Amino acid sequence: MSTPTHPPVDAPGTDTPPLIIPRAPRMPVSAGHGLQRVVVFGGAGAIGHRLSIEAATRGHHVTVVTRSSGPLPHRACARIQGDMAEPIVVEHLARQADVVVCAVGPDTSGGGARPFRRVMETVIDHLVGTRLIVIGCAGTLLRPDGRAINGHRHTRDHAEVLQDLHLAPAYVNWTCLTPPPVLTAHPRTGQYLTGTHTPAGLSVSIADLAVALVDEIELPAHPRARFTVAAHPRTNTPTGAAHRGITPRLAPGPAPVKSDPTE
């Protein structure tokens, strides 16, 4: 199978024709297991890479948007070089997608931080009715006393974005999936526990986080809400896609991390 390719997105005002993403006919998200047209911003990051593999393996039409070149997560994925800070990129892709996934987080290098909240406002303003799933930050989950797990700058950035999502107009169909404090490179089991505002557990594998996200794409259970997942204590009876007899390809996993491995 040949890999669809797309040229980089040019700046507004050029004569470049609109971005066209080859896909199957549009199917509403409410149709459940129907194939979805999924755009992933941050597909070069650890989470974005893994969820692109999971979604493509299940047969969804995946377009990965990155600011840099590199190998595709899966041979069935298409790729566009672009930046979610550019309204023209977001609007073109959102108009041709069922779901937009944001797996991009704030710059945590300590210098020249990107205006993450402003970027997310751009995404929300240009969704044109397309569903949005945002990968959140573990630090925004709450302790038993109601305080956030940590107060790091990137945690505050994510908390502001989560607040903006709650205040967004009713037509913005969003979901925020917040990882637990620790992400591991353990193999995919297809099982996970879910929670809402407090951690459902200490850790989950990036592979099973991707399972949870694609399950949410296929069967939306958290409209305009935040949820979190954690590793399931029993892994001998896989759930999610695995119970349907699907065995996704596994890419070599990254080392365990304790923060947001987004692009």
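Predicted model only: the values in this text are computed from it and were never measured.
The distance from atom NE2 of His126 to atom CD of Glu121, rounded to the nearest 0.5 Å, is 11.5 Å. Rounding to the nearest 0.5 Å places OG1 of Thr66 at 6.0 Å from CZ of Arg79. Distance check: Arg188 CZ to Ile53 CD1 gives 11.5 Å after rounding to the nearest 0.5 Å.
Here the shortest heavy-atom pairing between Val161 and Arg117 reads CG2-CA, 4.0 Å. For His186 against Ala207, the heavy-atom pair with the smallest separation is O-CB, 4.3 Å. When every heavy atom of Pro73 is checked against every heavy atom of Gly43, the shortest pair comes out as CG-O, 4.3 Å. Across every non-hydrogen atom of Ala200 and Gly195, the tightest pair is CB-N, 3.9 Å. Taking each heavy atom of Ala148 and Gly139 in turn, the nearest pair found is CB-O, 3.5 Å. When all heavy atoms of Pro179 and Ile135 are compared, the closest pair comes out as CG-CG2, 4.2 Å.
Between Met84 and Thr122 there is no side-chain heavy-atom pair separated by less than 4.5 Å. When side chains are defined from C-beta on, Arg226 counts as touching Thr140, because their heavy atoms get closer than 4.5 Å. Side-chain atoms of Val39 and Val65, non-hydrogen and from C-beta on, do get closer than 4.5 Å to each other. By the 4.5 Å heavy-atom criterion applied to side chains, Val229 and Leu193 are not counted as neighbours. Contact of the Trp174 side chain with the Ile133 side chain is not registered, since no non-hydrogen atoms from C-beta on lie closer than 4.5 Å. Within the 4.5 Å cutoff, the side chain of Ile47 has heavy atoms near those of the Leu209 side chain. Leu127 places a side-chain heavy atom less than 4.5 Å from the side chain of Val123. Under the 4.5 Å side-chain criterion, counting only non-hydrogen atoms from C-beta, Thr175 is not in contact with Leu177.
Taking hydrophobic clusters as Ile, Leu, Val, Met, Phe, Trp and Tyr residues chained together by side-chain heavy-atom distances below 4.5 Å, Tyr192 does not share a cluster with Leu141. Tyr171 and Ile124 fall within a single hydrophobic cluster, where Ile, Leu, Val, Met, Phe, Trp and Tyr side chains are chained together by heavy-atom contacts under 4.5 Å. No continuous path of ILVMFWY side-chain contacts below 4.5 Å connects Leu162 to Ile149, so the two sit in separate hydrophobic clusters.
Residues Phe227 and His197 keep their aromatic ring centres 6.0 Å or farther apart.
Judged by distance alone, the side chain of Thr228 and the main-chain N or O of Thr178 form a donor-acceptor pair under 3.5 Å. Put simply, the side chain of His49 never gets that close to the backbone of Gly45: no donor and acceptor are under 3.5 Å apart. The backbone N or O of Ala221 lies less than 3.5 Å from a partner atom in the side chain of Glu216, making a donor-acceptor pair. The backbone N or O of Thr184 sits nowhere less than 3.5 Å from a side-chain atom of Ser205 that would complete a donor-acceptor pair. The main-chain N or O of His92 is found under 3.5 Å from a side-chain atom of Gln96 such that the two form a donor-acceptor pair.
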Could you please spell out the steps behind the side-chain contact (heavy atoms from CB on, under 4.5 Å) verdict for Val89 and Asp83? CA-CA 7 Å; Val89 175; Asp83 193 321; 5.9 Å; no

Please step through side-chain contact (heavy atoms from CB on, under 4.5 Å) for the pair Arg58 and Val214, ending with a clear verdict. CA-CA 9 Å; Arg58 296 203 206 179; Val214 179; 3.6 Å; yes

List the steps and the verdict of side-chain contact (heavy atoms from CB on, under 4.5 Å) for Met120 and Asp164. CA-CA 9 Å; Met120 287 304 304; Asp164 290 341; over 6 Å; no

Going through the distances and angles, do Val100 and Leu93 end up as a side-chain contact (heavy atoms from CB on, under 4.5 Å)? CA-CA 8 Å; Val100 169; Leu93 295 177; 5.8 Å; no

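Few gaps surround NE2 on His222; more than 12 heavy atoms of other groups in view lie less than 6.0 Å from it.
Salt bridge status for Arg118 with Asp125: absent, with no side-chain N to carboxylate O gap under 4.0 Å. One finds no salt bridge joining Glu160 and Arg156 here, because no Lys/Arg side-chain nitrogen approaches an Asp/Glu carboxylate oxygen to under 4.0 Å. Asp145 has a carboxylate O that lies under 4.0 Å from a charged side-chain N of Arg147, or vice versa, which qualifies the two as a salt bridge. The pair Glu86-Arg67 does not meet the salt-bridge criterion, since no charged nitrogen lies less than 4.0 angstrom from a carboxylate oxygen.
In this structure, a donor-acceptor pair under 3.5 Å is absent between the side chains of Thr63 and Arg37. Under the 3.5 Å distance criterion, with hydrogens and angles disregarded, a donor-acceptor pair is assigned to the side chains of Glu218 and His60.
Of the candidates Leu213, Thr189, Leu183, Thr189 is the only one forming a side chain to side chain contact (heavy atoms under 4.5 Å, CB included) with Asp208.
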